[in-house]
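Okay, so here's the structure we're looking at.
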Amino acid sequence: MNGAVVEARNLTKRYRDVLALDDVSIRLSADRIYGLLGRNGAGKTTLMSVLTAQAFATSGDALVFGEEAYENDRVLSRVCFIRESQKYPDDFTAFHAFKAARLLFRNWDQAFAERLIGDFGLPVKRRIKKLSRGQLSAVGVIIGLASRAELTFFDEPYLGLDAVARQLFYDRLLEDFTDSPRTVVLSSHLIDEVANLLDHVIVIDQGRILIDAESDALRGSAATVVGPAPKVNEFVTGMKVLHREALGPLASVTVDETLSAAQRTGAARLGLEVAPVSLQQLVIRKTLINHPSRRVPGGDAELDSMEATR
Amino acid sequence: MIDDSRPIFLQIAGLIENEIVDGTLAEETQIPSTNEFAAFHRINPATAAKGVNVLVEDGILYKKRGIGMFVSTGARAALVARRTQEFFEQYVRPLVAEARKLGIPADELSRMIIRGADGAPAEGGNRERSAAS
């Protein structure tokens, strides 16, 4: 049932002296929602461009629906990539853009597009150049949803959309995904907003895959322990520390560990509080700890032991 | 509602269990569909399905082909038995730990529990002592 929709092996993309993708291998399965997360410049857009044949990899290969995507209409008619700043011809209105999309995507659902136009209150006869940032994003969101492409990429689709419009997007995406399952890749900075929608999380940092895991496996995979510093230090001995904060005699330490029931009971006995770590916090911690300027020669283990003795 | 502490599918399973234990979902009644759970909690439908399947594997729910999921006969008793076993670790231990932190002796703690079970207000009125969750 969950065949590979995308199979990318050792993708590397170099722009002059910048290594945008560094030996990236990922596999996307059918009918799942993926979150592609990472900082600006981490390589998210480059990865999506390469997978949708809008950019060439320097080395490595990517198969989409089992085939090379470049100039391959069999593949590309099933793929939709909504760019963050999609460019349209100068005299285009949203109406023109939807008409073009209708020709391009074989699963296009016109009735759904019209419902979404109403939902977002989009002025379809105004030239796209004259639309606000939020309205421009709405054009992309509508195309991305109504195209019903078997593989759909949304690159930060929410720019300029207010909270109500974003919720509308998430709700329509989920509804329509339930009715017509497909593979969706959602690149986002608003991790907390999308966390519950995701089957799977891919975090990219400096062109490398940092996390590639089921979102439910990540949930509860880290915890923050708060309490008197000596007791906290005693408790986290031997654990992988992601972050440490101090407030007077109190310490708050985030560990990269799934705490067992016995460990939680132990923490309670020491008078420590254990708080969950949100996906967004986890991504921030893991990205920061991965950053070379903070990396200590000898690697993470050394960093941890240094932090633990501080 | 859904939080970050545990996998969402386990939280969905827990929510359904709660409704069976408190009688909202009676035995042999149909539970909402996976898609209804997904829409209501704004979660991925596959995750909701996984949560429901945990309870099917435990025998708490069963599937009527082409109709949906139903609460098994005996589900409530089974859940109550399991939760009673977990009650000590989940509730009594943290309660005792918090009481120790506040310097509440064991006999006073037991009196407070009895008073709480009778539904009486907390001693001193305005200052409620709440157990660590």
Side-chain angles (χ1 to χ4, degrees), chain A residues 1-2 29-35 167 170-179 181 184 186 191-200 214-224 227-228 258-262 264-282, chain B residues 1-15 32-55 57 68 82-83 85-104 106 109 129-133:
Chain A
M1 47 176 245
N2 278 345
S29 305
D31 303 342
R32 315 196 69 202
I33 302 180
Y34 289 84
Q167 190 61 61
Y170 304 138
D171 286 354
R172 292 292 175 270
L173 170 67
L174 202 54
E175 273 169 35
D176 201 57
F177 173 81
T178 306
D179 294 338
V184 177
L186 204 54
I191 301 175
D192 279 342
E193 283 192 5
V194 299
N196 290 0
L197 306 181
L198 307 177
D199 281 295
H200 197 101
E214 299 289 298
S215 29
D216 255 355
L218 290 173
R219 212 170 283 272
S221 73
T224 298
T258 304
L259 298 183
S260 64
R264 285 174 184 277
T265 307
R269 261 187 218 148
L270 286 169
L272 305 177
E273 282 189 35
V274 178
V277 178
S278 71
L279 183 61
Q280 177 153 320
Q281 285 300 319
L282 186 66
Chain B
M1 289 318 249
I2 305 295
D3 62 44
D4 293 314
S5 60
R6 302 187 294 151
I8 297 178
F9 77 96
L10 289 178
Q11 297 187 49
I12 292 294
L15 288 168
S33 73
T34 304
N35 292 346
E36 285 170 324
F37 278 118
F40 184 79
H41 294 290
R42 295 198 157 108
I43 56 169
N44 192 295
T47 311
K50 204 171 158 190
V52 169
N53 281 336
V54 168
L55 298 181
E57 278 167 28
R82 197 179 78 204
R83 291 204 169 187
Q85 278 190 343
E86 292 166 354
F87 186 79
F88 184 78
E89 285 298 330
Q90 274 191 357
Y91 295 93
V92 178
R93 277 214 196 277
L95 178 84
V96 171
E98 178 74 5
R100 193 172 294 148
K101 194 153 71 179
L102 300 179
I104 300 170
L109 180 62
R129 277 173 167 160
S130 61
S133 55

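Because only heavy atoms are used, hydrogens play no part in the values below, and waters and symmetry mates are left out as well, while side chains stay in. By convention in this document, chain letters (A, B, ...) are assigned in the order of the sequence lines, proteins followed by strands, and residues within each chain are numbered from 1.
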In the structure I gave you, are the side-chain heavy atoms of [X] and [Y] within less than 4.5 Å of one another anywhere?
X: N196(A); Y: Y170(A); value: no
X: E214(A); Y: R32(A); value: yes
X: L174(A); Y: P45(B); value: yes
X: D3(B); Y: P276(A); value: no

Below 4.5 Å from any heavy atom of chain B, which atoms of [X] appear? Answer side chain, backbone, both or neither.
X: V277(A); result: backbone
X: L198(A); result: backbone
X: Q281(A); result: neither

Practice task
Considering only heavy atoms and a distance below 4.5 Å, find which of S278(A), A268(A), A195(A) pairs most often with chain B.
Solution key: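 It is S278(A).
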Q. For the candidates I33(A), D199(A), L218(A), which exhibits the highest count of non-hydrogen atom pairs separated by less than 4.5 Å from chain B?
A.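 Among the listed options, the one with the most contacts to chain B is D199(A).
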Problem set entry | chain A interface, residue from R100(B), R42(B), K50(B), E89(B) that has the most non-hydrogen pairs under 4.5 Å |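 Option with the greatest count: R42(B).
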May I ask you to name which of N35(B), T47(B), V96(B) has the most heavy-atom pairs under 4.5 Å with chain A?
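The answer is N35(B).
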(Q) For the CG atom of L197(A) and the CG atom of D171(A), what is their distance to the nearest 0.5 Å? (A)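 Between atom CG of L197(A) and atom CG of D171(A) there are 8.5 Å.
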Basic-acidic side-chain contact under 4.0 Å: K101(B), E98(B)
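Salt bridge present between K101(B) and E98(B).
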Does any backbone or side-chain atom of I43(B) lie under 4.5 Å from a heavy atom of chain A? Answer side chain, backbone, both or neither.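 Backbone plus side chain of I43(B), per the 4.5 Å heavy-atom cut-off to chain A.
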